[in-house]
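Notes to accompany the following structure.
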Amino acid sequence: MELVEESPYRFRIDRCDPMRVPGVVFASRALIPHVDEDRWPQQVANVATLPGIVGASYAMPDVHWGYGFPIGGVAATDVAAGGVVSPGGVGFDISCGVRLLAADLDRTDLPRVRDALMDGLDAAIPRGMGRGAVWQLADRAELDAVLRGGSRYAVERGHGVPRDLARCEDAGVVDDADPGQVSDRAVQRGQQQVGSLGSGNHFLEVQAVDEVHDEAVAAAFGLRAGQVVVMIHCGSRGLGHQICTDHVRAMERAMPGHGIEVPDRQLACAPVRSPQGRAYLGAMAAAANYARANRQLLTAAARRVFARTAGSGLHLVYDVSHNLAKIETHGVDGADRRLCVHRKGATRALPPGHPQLPADLRAAGQPVFVPGSMGTASYVLTGVAGAPAFASTCHGAGRVRSRAQAGKSVRGQELRRELQARGIAVRGASWRGLAEETPQAYKDVSAVVDVAEAAGLCRRVARLVPLGVVKG
DNA sequence: ATGTGC
């Protein structure tokens, strides 16, 4: 799989049959040193074969191998031209995403409250593979209310304020959720997990704004140097996972009837305008609402701890997903088209002036949050006008070593000691989980963000550093 | 990511 360098930050995989469009990779040679051995370039090419795909099969600078589609992949299909939707283009953790909250605290305030704050969060934030969650749902009817109402339902039930919804992608609720397309098994898995972090790379971090790159935009986001912030990264837990599994199977069975062939069965897909396509999008929207309610409930739990231990509020900056397919309008060859934009490990980044932004963010653009690996920096970015890849950018540092490899390379206890020695408080769920998230398993997030900016995908706004991590 | 395989 040859990558042709078009510019220092843009590479092309030339179209050859059965690709319908070329591949485009936003990266630098330094970020993809083992490209000849990596499996993701073939995945970028495979995605380019999907019916209805327009432009190119894109990869963000944090691209790595995933299920069918690469993580860090963006692909848009033309709905009216038989364009498909593919669950593998969203990923198992549907609407996994990040929200950032600004505290009424400066980092110099933190030492006096840190232990009480971190112990409070340790007790209040359910996480790991167990069953604990902030909310216990009474029955399927209440889960359906979550699946239809997302963050809005959580706020209506007293777990937030109206401003939280204004600062969420889609105002906290995706329309057209169809709980009828969510299987009983998915419901069972989701019933007792609303308001829980999960495991893997999910976390709640207390951070400080370490450096501001753009004062005006940071101010519009409500951020200033030295400020304490909270970042929450989690998704739709077992419910989203089960929905992905169920609908991949249904699409595999339906593909012959639609005359669709794909080079990898993990690219199972169906036309957006087909029973299977509509069924998946309805279930996906339900999982997206579940994930937003999940982040909203964890926000409410964190607010109670911040109020009690630090006398501080937490004000939502924004909440944005990095695993989702959305029907959006984009210009293609000079005409506006309705596209199904898959972002898997890629973040929507609307430019300044976009009508879907709340009025107080419109001049600044959409906030994007890029968590680094544990113990390293995270970034706040904003969208830019005229960006390629359907207004999308990176979502994280990008894993370079498998969980198994990482878990063998370091002991969790040792990692915690190192982080605490650097002044980062750690409240983990399991020692192995901690070891698997060692920063050595990830790329340098600063290099990823530098390339994303240089490639014209986004602009840097602020750099955040961790003070305390509550790890899933 | 995930009742860490179906």
Side-chain angles (χ1 to χ4, degrees), chain A residues 39-40 43 62-73 86-98 126-133 137 143 182-204 232-250 252-253 265-266 268 280 283-284 286-288 290-292 294-295 298 320-325 342-347 371 373-374 395-408 412 429-437 441-442 471-472:
Chain A
R39 290 178 290 177
W40 61 260
Q43 293 190 313
D62 50 334
V63 64
H64 54 116
W65 179 85
Y67 177 90
F69 283 59
I71 295 163
S86 174
V90 171
F92 277 89
D93 195 1
I94 296 168
S95 207
C96 179
V98 180
R127 59 198 191 277
M129 295 293 278
R131 281 188 148 194
L137 300 179
L143 180 65
V182 178
S183 68
D184 290 342
R185 184 181 283 206
V187 167
Q188 276 169 19
R189 293 179 69 172
Q191 198 92 37
Q192 289 164 302
Q193 297 184 321
V194 198
S196 64
L197 274 182
S199 59
N201 63 359
H202 291 160
F203 64 80
L204 180 151
I232 299 174
H233 176 206
C234 64
S236 50
R237 304 294 327 272
L239 179 126
H241 190 279
Q242 190 64 45
I243 286 172
C244 183
T245 301
D246 294 340
H247 287 262
V248 164
R249 277 197 201 126
E252 272 180 354
R253 288 194 295 268
R265 61 184 297 184
Q266 295 183 351
Y280 172 69
M284 182 207 72
Y290 185 93
R292 287 124 196 257
N294 193 18
R295 292 194 282 275
L298 292 171
V320 63
S321 167
H322 50 230
N323 280 8
L324 206 60
H342 301 73
R343 297 187 182 89
K344 178 190 192 177
T347 316
S373 51
M374 188 170 54
H395 89 304
R399 188 173 271 281
V400 288
R401 297 170 72 184
S402 72
R403 278 189 186 289
Q405 277 181 312
K408 285 179 205 152
S430 77
W431 292 121
R432 181 192 283 196
L434 215 56
E436 289 175 351
E437 287 298 308
Y442 287 88
K471 196 77 186 91

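Lettering of chains follows the sequences in order, A, B, ..., and the numbering in each one begins at 1.
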Starting at [atom1] of [X] and ending at [atom2] of [N], how long is that distance when rounded to a whole Å?
X	N	atom1	atom2	result
A:L239	B:dT2	CG	P	12 Å
A:M129	B:dT2	CE	C1'	6 Å
A:I71	B:dT2	CD1	C1'	13 Å
A:I243	B:dT2	CD1	P	14 Å
A:D93	B:dG3	CG	C1'	15 Å
A:R399	B:dT4	CZ	C1'	13 Å
A:E437	B:dT4	CD	C1'	14 Å
A:R249	B:dG5	CZ	P	15 Å

Is the distance from OP1 or OP2 of [N] to the nearest side-chain N or O of [X] less than 4.0 Å?
X	N	result
A:R237	B:dG3	yes
A:S199	B:dT4	no
A:Q193	B:dG3	yes

Exercise for the section: State, with a plain yes or no, whether a side-chain heavy atom of A:S236 is found less than 4.5 Å away from one of A:N294. Expected result: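 No - every pair of side-chain heavy atoms lies 4.5 Å or more apart.
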Problem - Student check: side-chain heavy atoms of A:W65 and A:Q43 closer than 4.5 Å - result: yes
Categorize [X] for me: base, sugar-phosphate, or nothing, with a 4.0 angstrom heavy-atom threshold over every strand shown.
X	result
A:G238	sugar-phosphate
A:R189	base
A:G235	nothing

Problem - Geometric class of the A:H64/A:H395 ring pair [parallel <30°, tilted 30-60°, perpendicular >60°] - result: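 Parallel: the ring planes of A:H395 and A:H64 meet at under 30°.
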Exercise for the section: Spell out, as yes or no, whether a donor-acceptor pair under 3.5 Å connects the side chain of A:R237 to the backbone of A:L239. Expected result: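 A pair under 3.5 Å: no.
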Practice task
From the options B:dT2, B:dC6, B:dG3, select the nucleotide whose nearest atom is closest to the side chain of A:R185.
Solution key: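 The answer is B:dG3.
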Problem - Ionic contact status for A:E437 with A:R399, cut-off 4.0 Å - result: yes
